[in-house]
Amino acid sequence: MYDGGKIITGLIIFLALVTFPLWYTAASGDASYTPDPETPAQGNCIESKEYMNAWHMDMLDDWRDAVVRDANRVYVATDGKEHEMSLTMTCMNCHDDKEKFCDRCHTYLGVTPYCWDCHVVPNQQGRR
Amino acid sequence: MNVLSSLVVVLALILVVYLGVDKAGLTALFGTVLPYVAIVLFLGGFIYRILYWAKSPVPFRIPTTCGQQKTLPWIKPNNFDNPHNGFGVFVRMVLEVLFFRSLFRNTRTQIVKDGPKVGYASNYWLWFLAIAFHWAFLIVFVRHLRFFTEPIPEWILGLQAVDGFIEYGVPVFYITSVLLVVGVAGLLVRRLFSSQLRYISLLNDYFPLFLILGIALTGVLLRHYVKTDIVSVKEMTMGLISFSPVNPEGVHVMFYIHFFLVTCLFAYFPFSKLMHLGGVFLSPTRNLANNNREVRHINPWNPKVKLHSYAEYEDDFRDKMVAAGIPVDKE
């Protein structure tokens, strides 16, 4: 082998970089953590759980556009029921704690939605 | 033909995973077994290729230079384009690896229209597409660490915030999504539309382009158009890196397509031209100082020659030389 010292050093640096998730997670010890957002004990969400898991952000985006641009505040769900298009009034009427519901998955996945750039988090002391 | 066959290969891979997951339900195969096989192939193959290359002797410096070599003291040397020491080589390598400096010097030679003259012009298109593609791919790759770390380090969130700076759509559109697709599609188009280039292009030139284009497009689809429950996805990826794999129900087949194409990329990587990731660091025209005139470089495969110097010869025959009247150096 020629210039073996330099090449082996380079390889070790490369391996250390690509195995970053392994040793980072081993050090933090949180690999098996899974978020459990607190859902209300009874009642159904306005759409199915599977749909909300994947698409709630699009629904809220559509709601915002409908309310702000078209002044349309009525959402007709798949089951035909009508709901008011409102994050803080409709969604958070049941899911009333942002930290125990929204934030759990968002933090887990590194998602930083910009809802709260404009909205005030309801039921927080001193901010209502 | 090469274009079509590599496109067919990529489409076949997509079809295989679609049938495998959606029809046959082989989530454990595509979600656990093949990724582990791929990562072993990737790491093992990578180390093997580098060590194999390390065995090649580099007997002499190859001075492909673009600047004045260090010479007489009143002539100003250009240490970055024609390095004579380790520091100069380091800077040249940094500029090469991070900014593709030698590609930036790409020129186009053509007959000038208004006369029988040869003209040389800068040709930045290749450099631009290459740098857009490579940097976007790196940033996209690093951003994906959010699925492989818990808790997610701050710097990854920072990178996401910068990348999603335009704040368009929900979830926000990333600048690198566009750059990656534009870059890799541009490199493909360049290969297809330049007849000289198409003539020399092989299956293994097109295949990585189609594969990476497939990865990029399925990634964009997953983020913006065909959504799935990414909490389950992260449970799966975290299961993989903590060696306790799980295959949650209800993950959309589009995720498996994306994941399997990445798996293929990892497995294919060390055995393809993509190994320039490691190979660029071993480029003899870039990583060796041009010091042929300062330092003596000895060919490493020279055979050992048994030498017998004049002094030793004289020691052997001094008596006879003196007796015969031949002058000797040492009495």
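In this text, all values refer to a predicted model and were calculated from it rather than measured experimentally. So that the names make sense, note that chain A is the first sequence line, chain B the second, and so on, each numbered from 1.
- The part of B:Leu145 that comes within reach of chain A is its side chain, from C-beta onward, which places non-hydrogen atoms under 4.5 angstrom from that chain.
- With sequence neighbours left out, B:Thr176 forms a side-chain hydrogen bond (donor to acceptor under 3.5 Å, both in side chains) with B:Arg143, B:Asp163.
- Using cut-offs of 30° and 60° for the angle between ring planes, the B:Phe243 and B:Tyr36 rings count as parallel.
- With respect to chain A, the highest number of heavy-atom pairs below 4.5 Å among B:Tyr225, B:Phe147, B:Phe42 belongs to B:Tyr225.
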What do the steps show when you test B:Phe148 against A:Thr25 for side-chain contact (heavy atoms from CB on, under 4.5 Å), and what is the final call? CA-CA 8 Å; B:Phe148 295 91; A:Thr25 316; over 6 Å; no

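- Looking only at heavy-atom pairs under 4.5 Å with chain A, the residue among B:Ile47, B:Val172, B:Val170 that has the most is B:Val170.
- Note on B:Phe281, B:Trp53, B:Phe46: by heavy-atom pairs under 4.5 Å with chain A, the leading option is B:Phe46.
- Residue B:Val246 does not touch chain A at all, counting heavy-atom pairs closer than 4.5 Å.
- Of the atoms belonging to B:Gln160, it is side-chain heavy atoms, and not backbone ones, that fall under 4.5 Å from chain A.
- In this structure, chain A has no heavy atom under 4.5 Å from any part of B:Ile39.
- Only the side chain of B:Leu157 comes within less than 4.5 Å of a heavy atom of chain A; its backbone N, CA, C and O stay farther away.
- Only the backbone of B:Thr228 comes within contact range of chain A, judged by heavy atoms closer than 4.5 Å.
- When heavy atoms are compared at a cutoff of 4.5 Å, B:Leu43 approaches chain A solely by way of its side chain, counted from C-beta outward.
- For a residue to count as touching a neighbouring chain, one of its non-hydrogen atoms must lie under 4.5 Å from one of that chain's; by this rule B:Ser244 does not touch chain A.
- When heavy atoms are compared at a cutoff of 4.5 Å, A:Thr107 approaches chain B solely by way of its backbone atoms N, CA, C and O.
- When the heavy atoms of residues 48-77 of chain A are compared with those of chain B, the residues falling under 4.5 Å are A:Asn53, A:Ala54, A:Trp55, A:Met57, A:Asp58, A:Asp61, listed by number.
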Could you go through B:Phe259 and B:Phe255, starting from their C-alpha distance and side-chain angles, then the distance that decides it, and tell me whether this counts as ring-ring contact (aromatic ring centres under 6.0 Å, His included)? CA-CA 6 Å; B:Phe259 199 54; B:Phe255 167 76; 5.2 Å; yes

